[in-house]
Chemist: 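Take this structure first; my questions come after.
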Amino acid sequence: MLGRGAAVWNKWRAKFLVAPDLSRAGLRGLDLSGYDLSRADLRGADLRGTNFCDADLSGAHLEGANFFKAVLDGADLAEAFLAGASSSIAAQLIVSQNWQSAFRDETLGCGSSIPDRVPSE
């Protein structure tokens, strides 16, 4: 479904209101610009070099994901769970939206207070 493009994916998400399980998925180098990945389970996913420009990652579980050279320009990270995500994402956080409300550990503090909440399963 991801390979069909953002318009098809986003229409499917709107229709079924499902939170996709993409945990441990190999999404390396994909262009996921504009995709609705809100509330998706991306724990432990390989996101190296993935383009998330203007993607909706709000509420997504990204714990332990590898973001090496990922692009997050304009991505919405509101209340996303980033604890344990690769520290290489730190430089990209400031070009994303709502990153200050993402649940992160000290390695991704980026000079902003870290929300005090434990991720729900």
Side-chain angles (χ1 to χ4, degrees):
M1 186 64 75
L2 283 174
R4 294 184 178 181
V8 172
W9 172 267
N10 293 345
K11 185 176 180 180
W12 175 77
R13 285 289 315 269
K15 182 177 180 180
F16 293 105
L17 301 174
V18 63
D21 182 356
L22 299 168
S23 57
R24 304 195 194 309
L27 304 176
R28 183 179 185 173
L30 293 182
D31 184 359
L32 299 178
S33 299
Y35 276 70
D36 178 2
L37 295 166
S38 60
R39 301 175 324 281
D41 184 351
L42 288 155
R43 286 179 267 206
D46 182 0
L47 307 174
R48 292 176 290 172
T50 302
N51 183 350
F52 291 106
C53 288
D54 301 317
D56 184 355
L57 292 165
S58 60
H61 285 269
L62 298 157
E63 298 96 337
N66 186 343
F67 281 95
F68 183 72
K69 293 191 177 183
V71 180
L72 295 167
D73 297 34
D76 186 356
L77 291 171
E79 299 185 350
F81 299 97
L82 293 167
S86 62
S87 59
S88 62
I89 191 177
Q92 279 291 308
L93 285 179
I94 58 172
V95 296
S96 67
Q97 299 176 31
N98 304 311
W99 67 270
Q100 296 91 340
S101 71
F103 305 104
R104 354 181 259 296
D105 52 29
E106 292 78 28
T107 60
L108 297 175
C110 301
S112 180
S113 63
I114 298 172
D116 189 27
R117 181 173 159 200
V118 177
S120 58
E121 291 298 319

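Computed from heavy atoms alone, side chains included, the values below leave out hydrogens, waters and symmetry copies.
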Chemist: Quick check: does any side chain N or O of Gln97 sit under 3.5 Å from a backbone N or O of Gly74, one acting as donor and the other as acceptor?
Modeler: yes
Chemist: Same cluster or not: Leu2 versus Val71, using hydrophobic residues (I, L, V, M, F, W, Y) connected whenever any side-chain heavy atoms lie under 4.5 Å apart?
Modeler: no
Chemist: In terms of hydrophobic clustering (I, L, V, M, F, W, Y; side-chain heavy atoms under 4.5 Å; direct or indirect links), are Leu57 and Leu17 co-clustered?
Modeler: no
Chemist: What side chain to side chain donor-acceptor pair (under 3.5 Å) pairs are there with at least one residue in residues 1-22, not counting sequence neighbours?
Modeler: Asp21-Ser23
Chemist: Cut-off 3.5 Å, no hydrogens considered: what does the side-chain donor-acceptor table look like for residues 25-34, sequence neighbours left out?
Modeler:
from, atom 1, to, atom 2, distance (Å)
Asp31, OD1, Ser33, N, 3.1
Asp31, OD1, Ser33, OG, 2.6
Ser33, OG, Asn51, OD1, 3.3
Ser33, OG, Asn51, ND2, 3.3

Chemist: What closest approach, in Å, do Leu22 and Ala45 show between heavy atoms, and which atom pair accounts for it?
Modeler: O-CB, 4.0 Å
Chemist: List in chain and number order the residues that pass salt bridge (Lys or Arg N to Asp or Glu O under 4.0 Å) with Asp54, two or more places apart in sequence or in another chain; answer none if no residue qualifies.
Modeler: none
Chemist: Can you list the residues that meet the side chain to side chain contact (heavy atoms under 4.5 Å, CB included) rule with Asn98, with sequence neighbours excluded?
Modeler: Asp76, Ala78, Ser101
Chemist: In terms of the angle between their ring planes, are Phe52 and Phe67 parallel, tilted or perpendicular, with boundaries placed at 30° and 60°?
Modeler: tilted
Chemist: Identify, with sequence neighbours excluded, every residue that meets side chain to side chain donor-acceptor pair (under 3.5 Å) alongside Arg48.
Modeler: Asp46
Chemist: For Ala40, check side chain to side chain contact (heavy atoms under 4.5 Å, CB included) against everything at least two apart and list the hits.
Modeler: Pro20, Leu37, Leu42
Chemist: To the nearest 0.5 Å, how far apart are NE2 in His61 and CZ in Phe81?
Modeler: 4.5 Å
